[in-house]
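Please read all numbers here as calculations on a predicted model, not as lab measurements.
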There are 2 protein chains.
Amino acid sequence: MHESKELERQLPLALRAAYMALHRSTEAAFAKHGVTADQFVLLLTLSKVRALTQRELADRISSDPSTVRAMLVLLEKSGYIDRDSHPTDARAKTVSLTVAGRRKLRTLWNVGQPIRDELYGAMTPEEAELLLSLLRKVARSFQQERSLS
Amino acid sequence: MHESKELERQLPLALRAAYMALHRSTEAAFAKHGVTADQFVLLLTLSKVRALTQRELADRISSDPSTVRAMLVLLEKSGYIDRDSHPTDARAKTVSLTVAGRRKLRTLWNVGQPIRDELYGAMTPEEAELLLSLLRKVARSFQQERSLS
DNA sequence: TATTGTTATACTCTATAACTATA
DNA sequence: TATAGTTATAGAGTATAACAATA
């Protein structure tokens, strides 16, 4: 009873603190490479598929079309992504990595390796697996709430 | 071997997705109350102690003095916090909640209850406890890295 | 009618560097 | 010398609303 009241307060703050720590480390590591942590997430998301529309991209990185556009404009200026007209939907644009974008992503992946080592060094593989599944439960619980409205 | 490579990629993204989902829900819930999710975290942090300096506050909410100052200026304008000169250190200021700030925090706590219900509804109390301890391990692993520099 | 993307706009958070005052 | 806070400044993400073109 009493413990759970405390837990209730601490879990959201702990989630924030853990993310902030990760985000800050990533931001610092990427600073000299001219890419933000969020831009890295966008590039990484693009690398897993051939191409996405801006709307799909916004959903996947937990953002919105307006924000994604602002990020894409910056990334396009840096030459890391292309925006082409969609083959079947004339309203949409397909976003994809350029060759330079793929190369940059490989560099960033290596730059971020010490951060991931730090992360996984703090727990066993079993704990990491468990954490992953719990985090997904958390994300899913809010997505359901979102789709209700 | 191969699974762990995938896990390695997914855990940071899952942490981000979970936090973003929480943050977005919180932001939406607080929007009509004129307070951001980050300001709520600041108020909540202040509520747990009598008073803090701006430097201490920055550390506790995983931020920096400049950002904290910007937030405090807004919160002071809204009448939720006071900044008084520190009793023994003339350089420092002590930040504390006003009566209005405490009242606002109570309101915000209630407004946020459905979000926490959503969060805890997605898992058992044991899982919540486990998630909390794993998130703390994550945060601690990066704090150590930080203090080395 | 609904959806994709754009544009304009405003706000918040972030972060660095130079600075003052104090320890 | 180091630290607490301020200030100026710039940039990046967030988000809403109005809009055009298309489905």
Side-chain angles (χ1 to χ4, degrees), chain A residues 16 19-43 51-78 81 83-95 146 149, chain B residues 16 19-43 51-78 81-95 146:
Chain A
R16 181 180 186 276
Y19 168 71
M20 284 301 191
L22 169 67
H23 184 74
R24 207 163 292 264
S25 285
T26 308
E27 202 76 78
F30 291 171
K32 66 168 70 72
H33 293 87
V35 175
T36 68
D38 286 329
Q39 289 172 358
F40 170 70
V41 171
L42 198 158
L43 294 176
L52 289 172
T53 66
Q54 297 187 187
R55 156 69 55 185
E56 289 167 336
L57 202 44
D59 290 341
R60 295 219 190 186
I61 68 169
S62 317
S63 190
D64 68 287
S66 174
T67 301
V68 163
R69 181 188 176 270
M71 296 175 72
L72 289 177
V73 166
L74 292 172
L75 289 170
E76 197 170 34
K77 212 176 291 178
S78 301
I81 61 120
R83 289 192 292 167
D84 304 303
S85 52
H86 193 278
T88 62
D89 188 339
R91 296 171 307 178
K93 293 190 175 177
T94 61
V95 184
R146 205 180 186 185
S149 60
Chain B
R16 180 180 185 277
Y19 168 71
M20 285 300 191
L22 169 67
H23 184 73
R24 207 163 291 264
S25 284
T26 308
E27 202 76 77
F30 290 171
K32 65 170 70 72
H33 294 85
V35 174
T36 68
D38 286 329
Q39 288 171 358
F40 170 69
V41 170
L42 198 158
L43 294 177
L52 289 172
T53 66
Q54 297 187 186
R55 157 69 54 184
E56 290 167 335
L57 202 44
D59 290 340
R60 295 219 189 187
I61 67 169
S62 318
S63 191
D64 68 287
S66 174
T67 302
V68 163
R69 181 188 176 272
M71 296 174 72
L72 289 176
V73 166
L74 292 172
L75 288 170
E76 196 170 34
K77 212 176 291 178
S78 301
I81 61 119
D82 274 333
R83 288 191 292 167
D84 304 303
S85 52
H86 193 278
T88 63
D89 186 340
R91 298 170 306 178
K93 294 191 175 177
T94 61
V95 184
R146 204 179 186 184

Report each atom pair, protein N/O against N/O of nucleotides 17-23 of chain D, whose distance is under 3.5 angstrom.
from, atom 1, to, atom 2, distance (Å)
D:dA23, OP1, A:Ala90, N, 3.2

Within the 4.0 Å heavy-atom criterion, would you say B:Arg55 contacts the bases, only the backbone, or no part of the nucleic acid?
sugar-phosphate

At under 4.0 Å between heavy atoms, what does B:Asp38 touch on the DNA or RNA strands: base, sugar-phosphate, or nothing?
sugar-phosphate

With respect to the phosphate group of D:dT14, does any side-chain polar atom (N or O) of A:Ser63 fall under 4.0 Å of OP1 or OP2?
yes

How long is the gap from CZ on A:Arg60 to CG on A:Leu52, to the nearest 0.5 Å?
5.0 Å

Within this structure, what is the CD-to-P distance between A:Gln39 and D:dA12, rounded to whole angstrom?
7 Å

What residues form a side chain to side chain donor-acceptor pair (under 3.5 Å) with A:Ser85, not counting sequence neighbours?
none

Separation of A:Arg24 atom CZ from D:dA12 atom C1', in whole Å?
14 Å

Please list, chain by chain and in numerical order, all residues satisfying salt bridge (Lys or Arg N to Asp or Glu O under 4.0 Å) with B:Asp64, sequence neighbours excluded.
none

Which residues pass the salt bridge (Lys or Arg N to Asp or Glu O under 4.0 Å) test with A:Arg83, not counting sequence neighbours?
A:Glu76

Hits for side chain to side chain donor-acceptor pair (under 3.5 Å) against B:Asp82, two or more places apart or cross-chain, chain-then-number order -> none

A:Met20 CE to D:dG13 C1': how many Å, rounded?
12 Å

Gap between atoms CD and C1', on B:Gln54 and D:dT3 respectively (whole Å)
13 Å

Nearest whole angstrom, please: distance from the P of D:dT6 to the NE2 of B:His86.
14 Å

Going by salt bridge (charged side-chain N to carboxylate O under 4.0 Å, His left out), name the pairs with one or both residues in residues 84-93 of chain B, residues two or more places apart or in two chains.
B:Asp89-B:Arg91

Can you tell me which residue pairs pass the side chain to side chain donor-acceptor pair (under 3.5 Å) test with a partner in residues 28-38 of chain A, sequence neighbours excluded?
A:Asp38-B:Arg16

Rounded distance in Å - CG (B:Asp64) to P (D:dG5):
12 Å

Does B:Thr36 reach a base, just sugar-phosphate, or nothing at all? Heavy atoms under 4.0 Å.
sugar-phosphate

Rounded to the nearest Å, what distance is computed from the CD atom of residue B:Glu56 to the C1' atom of nucleotide D:dG5?
13 Å

Under 4.0 Å from a heavy atom of chain A: give me the 5'-most and 3'-most nucleotides of DNA chain C that qualify.
C:dT3 to C:dA15

Residues passing the side chain to side chain contact (heavy atoms under 4.5 Å, CB included) test with A:Leu43, sequence neighbours excluded, are A:Leu75, A:Tyr80, A:Ile81, A:Leu97, A:Leu105, A:Leu108

Using atom CG of A:Leu74 as one end and atom P of D:dA10 as the other, report the distance to the nearest whole Å.
17 Å

Look at the rings of B:Phe40 and B:Phe30 and say which category their plane angle falls in: under 30° parallel, 30 to 60° tilted, over 60° perpendicular.
perpendicular

Starting at the 5' end of DNA chain C and moving along, which residue's nearest nucleotide shows up first, A:Glu27 or A:Ala92?
A:Ala92

Relative to the 5' end of DNA chain D, which residue comes earlier, A:Thr67 or B:Arg83, by the nucleotide with the nearest heavy atom?
B:Arg83

